[in-house]
Structure formats: structure tokens, C-alpha cells
Protein chains: 2
Amino acid sequence: MIYDLLIENITKNREVSIAEAEKFCSFFNDKTISKKEFLLKQGEFCKFEAFVTEGCFRVFSLDKKGNENTLYFAAKDWWLMDIDSFMNHKPSDLNIQALEDSKILIISQEDKSNLYNELPMAEKFFRIMFQKSIVAWQRRVVRNNSLTAKERYNYFTTHYPEIVLKLTDRQMASYLGITHEFLSKIKKRDKKQ
Amino acid sequence: MIYDLLIENITKNREVSIAEAEKFCSFFNDKTISKKEFLLKQGEFCKFEAFVTEGCFRVFSLDKKGNENTLYFAAKDWWLMDIDSFMNHKPSDLNIQALEDSKILIISQEDKSNLYNELPMAEKFFRIMFQKSIVAWQRRVVRNNSLTAKERYNYFTTHYPEIVLKLTDRQMASYLGITHEFLSKIKKRDKKQ
DNA sequence: AAAAATAGTTGAACAAGTTCAACTCGATCA
DNA sequence: TGATCGAGTTGAACTTGTTCAACTATTTTT
């Protein structure tokens, strides 16, 4: 069933009844996105939140010099959204692109609001999800400030081996905050040893 | 009244009754912390969340080489906690130290749990607060990856001038992710122009 | 008021990471 | 089949930021 993964995600480590989980899911529609297709482009309003059930996405912004900066990758079982644009009803700074043919469960802005109103557990669920997300972002900041590029590369490849397989070096470099040329040199040094 | 600032914080841009706001506050106790005192030390369990009503704090971790890495500063009207330790009941990686004589409103782990159970608006309030926090962390990651040290310094000093006044250069450098020597050189170049 | 600790400054040598340009290698497409 | 396009590789010169050490304020403690 298309909702299996989402049900598992929301019930994991939580006291949630089957009825609640099913009601939760009923607010989501499934959608297919082809490789390279954009789910969101910079400047558009992000009017959805999504849960990835298949495939992988890249969330990135473009800086003044035109360099891509990858905020995160979202594979199966990850949530996908531009919180800022969604919450504050403003044009997005982010691009969301499918790295391969993918499937998501998507909820509109209106239904998200209904979900919160009709299902009290949704508030707690997303509150806890956001807390976890903050922990992850804090750790990322610390890693970026205290580790060398080589160390960040090692961290990423050992912690997200499945995602690494789906990426080009350029995409990984834009996540690590280095140029793809330098990533290539890091990998070369690796092989020699 | 000691709760004035907290009441303003939780009612701002929200539909919250006075009764709710007062009940919310009743879970918090005020506490005074002297300059340089630690509210939390690495290795301890963070069993509180706090709201700063006066003064300023620094939240930082120590990496393997012994370098300090400042996650954020919390002045008046900011929230203060180690989410990871508090949520997952594990020893903290963070240190929280007062930069000057300060006052906070503090809530224990047990009361936080009671607050969520007894006051439904608390879930929504913290859910939205955490969403905003994620946006801020995402922007910080992008800045750290796409701006030079000089540009990050300019960003920080123009966006947080009141906090800058309370910091030593070493503390600011540990937030910007550079050495204090290099910060000194950045400031010198600034003056010449 | 003196002593001791801590914070900021500066320079020289060094390391980490970027830039640009040239090249190679596959994949895809006409 | 060739042409083309994007991805990865490599080197040389360059820029950004670090390290270490010595020095100078400035606070804090006694």
C-alpha cells in the first residue's frame, strides 16, 4: 500500500492508534516525479509538504555567484519542504529537484492546516519531528566549522552510503561546501593510501 | 512583572487568551545566574528549558582539538536549551555559560511534559517556534558555506549589533568559525578602508 | 598598587581550498 | 557513426585562513 511507509514513519516510537494513523494519511495524495524534474523552483511559493516513498531529491539554493549550495538530500522515508516559504507565505529561496524517478506523498497548505485542526496528534508529531531536525542542523553547523573537507567527506560517506550512490561528485561537493575539483583531489589522495 | 517578556513572546502574532498565557507562565520559575556561571556543562543531562529575560548566554561545544565552537548566543527574549539532551535523555555535548549577570525563566523536564498535557496551545506554540528555528539554522549553513569569513563577520555585526557589544573577539570568532587571530586581521583591514 | 591572568595584535611560514584551463571518458542523441 | 554534452581529473597559480610565537593592552585578583 502506498501509505505503508508513512504509517510506519508516524507510528514509530509513538502511541498512535491505527485509526489516527489512517486519518493522518488520508490528507496525503501520491505523486510521481521524473528524474531531473523540479518539485519547487526558487521564486515560487511552496504550497506543499511531502514525504518521500521512493527515489531521492536534492534541496539547494543558488548564491550570488551562481554557485549551488545543497541544503540536504531526501531519500525514502524523509520529509521534503521549504519550511520558510510554506510557513511565511513568501517566495522560496530553494530548489527541489528529483535525482531519480521518485514518488512522494504530498499535502497541500490548506490540508496541512486542516490536519492540525482535526487531528491533535499531528501537532505533537511535527513538533517532535522539528526538534529532531534542529538537532541535526546544529550538528551540521558544528561539523562544518570544526572538521576539514576530508573529514566532512568521510562523515558523509560513512553515514549516508545509500545516498552517496545516487549522487554525482558535483552534487556531493555542493553539500560538503567545497568545489568539485577539490573533492576529486580528496578522493585521489584516499586511493593512494 | 517577571513574566511580562514571556507573555509578550508567546502572545505575539498569535491568538492566545490571557488565561492561557498566564497558565503557560505558571510552569516557569525565575532564576538568577552570575556572569561566567555555567547553566549546563558538557556531560551533564539537560533537564530544563529556559527563556532569557535579562543578560546573555553562549552555547558552545568543544571539539577533539579542544577548540570551542559557538552554536549560538541567547540574549533577552531568546530560548535556551540543549534539545538533544533534553529530548533524548542523554548527556549533553553542549556548554551553556552566562556572558553577564543574567535572569531566566526555567521549566523542568517534568513540568514541560505537564505543560504539553494540560495546555494544548503549548504544542502549537513550540511547533511553530521550532519551525522558525529550523529556517534560521538552514540559513546559517548556507551562509557558512557560501560566504567568506569577512562577509560572515559583516552579516553578524549588522544583524546582531546588541549582542556584538557583549562579546569578546574570541567568542565571536568561535561563532564565525574562524580563529581569533584571523578575526583581528579582518577588523584591521576594515579600519584601513 | 602590584601581580597575574586574559584578551587583542601582528608577522612569517604554512596548509587548506579555489580558480581556471586543458584534458579524458562515457553517455546520449541525431 | 560521429558529434556533442556533461561529469570527472589533473596541474599551476592563487587566495583564504591557520599556526605559532612574540608582543601589547586590559582586566581581574590579591
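Reminder, nothing fancy here: chain letters follow the sequence lines and each chain counts from 1. Here the structure is a predicted model, which means the values were calculated and not measured.
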Could you grab the distance from atom OH of Y72(B) to atom CD1 of I163(B), nearest 0.5 Å is fine? 11.5 Å

Near-strand residues of residues 162-174 of chain B, defined as heavy-atom separation under 4.0 angstrom from DNA chain D: none

Those residues that, when tested against E54(A), pass salt bridge (Lys or Arg N to Asp or Glu O under 4.0 Å) (two or more places apart): none

For N9(B) and D77(B), which I'm curious about, is there any donor-acceptor pair between the side chains at under 3.5 Å? yes

At a cut-off of 3.5 Å, list every protein nitrogen or oxygen paired with a nitrogen or oxygen from nucleotides 24-30 of chain D, distance to 0.1 Å.
none

Spacing of F38(B) atom CZ and I33(B) atom CD1 [to the nearest 0.5 Å]: 13.0 Å

Within this structure, what is the NZ-to-P distance between K187(B) and dG8(C), rounded to whole angstrom? 7 Å

With sequence neighbours left out, what residues match S133(B) under side-chain contact (heavy atoms from CB on, under 4.5 Å)? I134(A), W137(B)

For D84(B), which residues count as a salt bridge (Lys or Arg N to Asp or Glu O under 4.0 Å) partner, sequence neighbours excluded? R139(A), K90(B)

What does the inter-axis angle of the helix from dA1(C)-dT30(D) to dA30(C)-dT1(D) come out as, five pairs per end, nearest 10 degrees? 40°

Whole Å only: how far is the CG atom of N145(A) from the C1' atom of dT16(D)? 15 Å

Cation-pi between R14(B) and F125(B): NZ/CZ under 6.0 Å from ring centre and within 45° of the ring axis? no

Using distance only, find each side-chain donor-acceptor pair of residues 19-28 of chain B under 3.5 Å and give its atom names and separation, not counting sequence neighbours.
from: E20(B); atom 1: OE1; to: S17(B); atom 2: N; distance (Å): 3.1
from: E20(B); atom 1: OE1; to: S17(B); atom 2: OG; distance (Å): 3.4
from: S26(B); atom 1: OG; to: K23(B); atom 2: O; distance (Å): 2.6

Not counting sequence neighbours, which residues clear side chain to side chain donor-acceptor pair (under 3.5 Å) with N144(B)? List them please. none

For T158(B), which residues count as a side-chain contact (heavy atoms from CB on, under 4.5 Å) partner, sequence neighbours excluded? none

side-chain contact (heavy atoms from CB on, under 4.5 Å) involving A149(B) - partner list, sequence neighbours excluded: R152(B), I178(B), F182(B), I186(B)

Distance from C46(A) atom SG to I83(A) atom CD1, nearest 0.5 Å? 9.5 Å

Check: protein-nucleotides 15-25 of chain C nitrogen or oxygen pairs below 3.5 Å:
from: dG17(C); atom 1: OP1; to: A149(A); atom 2: N; distance (Å): 3.2
from: dT18(C); atom 1: OP2; to: T179(A); atom 2: N; distance (Å): 3.1
from: dT18(C); atom 1: OP2; to: T179(A); atom 2: OG1; distance (Å): 3.2
from: dT19(C); atom 1: O4; to: K185(A); atom 2: NZ; distance (Å): 3.3

Could you work out, with salt bridge (Lys or Arg N to Asp or Glu O under 4.0 Å) as the rule, every residue matching K103(A), not counting sequence neighbours? none

